[in-house]
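To start, the structure under review is shown below, and the notes come after it.
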Amino acid sequence: MILQQNLQFKKRDYNGIILLYDVGKEVYFNLNSTATFIWKLCSKPIDFENILKNILDAYSGDATDILCDVKKTIKIMIDSEVLCVIQDK
């Protein structure tokens with residue numbers, strides 16, 4: 001799966017934490033540090049495996065737990081249209 005930021009969101013950066021606002025839908029999302037990291041990785045098209053590799057390099061912990069958390073976070077971001085699936089493998 002290849003993902004990219006949904007560029008219709010307006011972005012504000014508050015000390016490394018991202019706030020996204022969709023003007024058309026009048027909704028906003030406050031991204032935690034992991035979601036912010038994923039959002040920044042998706043500034044250009046990137047596949048899930050590379051997202052996971054970057055997160056495993058940046059965060060310590062059990063890889064299985066990290067994988068589970070990343071999958072949940074990405075699903076929420078896709079369902080909320082914060083991220084766009086530009087190619088589904």
Side-chain angles (χ1 to χ4, degrees):
M1 172 175 18
I2 298 177
L3 302 166
Q4 187 171 13
Q5 296 173 355
N6 181 345
L7 299 177
Q8 75 184 34
F9 282 86
K10 303 290 183 189
K11 177 189 84 156
R12 295 285 182 257
D13 189 330
Y14 296 100
N15 297 320
I17 301 299
I18 301 291
L19 177 70
L20 299 175
Y21 180 68
D22 184 334
V23 176
K25 294 181 181 176
E26 297 184 353
V27 296
Y28 72 92
F29 299 94
N30 184 15
L31 304 183
N32 66 18
S33 61
T34 303
T36 294
F37 190 83
I38 292 168
W39 170 261
K40 289 178 179 179
L41 288 174
C42 293
S43 63
K44 57 186 175 192
I46 185 170
D47 64 19
F48 176 79
E49 291 79 18
N50 280 323
I51 293 171
L52 184 58
K53 180 188 176 307
N54 278 278
I55 288 179
L56 288 172
D57 289 345
Y59 292 90
S60 61
D62 180 69
T64 303
D65 291 340
I66 292 171
L67 175 62
C68 183
D69 289 345
V70 169
K71 283 183 176 180
K72 286 179 191 175
T73 300
I74 288 176
K75 180 177 180 349
I76 291 167
M77 293 174 83
I78 291 170
D79 290 347
S80 303
E81 299 178 351
V82 169
L83 293 179
C84 300
V85 177
I86 58 173
Q87 183 180 351
D88 202 1
K89 291 183 178 178

For residues 64-76, please give each side-chain donor-acceptor pair under 3.5 Å, one per line with the distance, not counting sequence neighbours.
unit_1: Thr73; atom_1: OG1; unit_2: Asp69; atom_2: O; d: 2.9
unit_1: Lys75; atom_1: NZ; unit_2: Asp79; atom_2: OD2; d: 2.6

Consider only side-chain heavy atoms of I, L, V, M, F, W and Y, link residues closer than 4.5 Å, and tell whether Leu31 and Leu52 are in one cluster.
yes
Is there a side-chain contact (heavy atoms from CB on, under 4.5 Å) between Lys11 and Gln5? Walk through the geometry before answering.
CA-CA 11 Å; Lys11 177 189 84 156; Gln5 296 173 355; 6.0 Å; no
To the nearest 0.5 Å, what is the distance between CG on Asp13 and CD1 on Ile18?
4.0 Å
Any ring-ring contact (aromatic ring centres under 6.0 Å, His included) pairs touching residues 51-86, not counting sequence neighbours?
Phe37-Tyr59
Can you measure from CG (Asn50) to CG (Leu3) and round to the nearest 0.5 angstrom?
11.0 Å
Rounded at 0.5 Å granularity, tell me how far OG in Ser80 sits from NZ in Lys25.
9.0 Å
side-chain contact (heavy atoms from CB on, under 4.5 Å) between Val82 and Asn6, worked out:
CA-CA 5 Å; Val82 169; Asn6 181 345; 5.8 Å; no
side-chain contact (heavy atoms from CB on, under 4.5 Å) evaluation trace for Ile78 with Met1:
CA-CA 11 Å; Ile78 291 170; Met1 172 175 18; 3.7 Å; yes
When hydrophobic residues are tied together by side-chain contacts of less than 4.5 Å, even through go-betweens, does Ile17 share a cluster with Met77?
no
ring-ring contact (aromatic ring centres under 6.0 Å, His included) pairs, two or more places apart, involving residues 9-33:
Phe9-Phe29
Within one Ile-Leu-Val-Met-Phe-Trp-Tyr cluster: Val85 and Phe48, side-chain cutoff 4.5 Å
yes
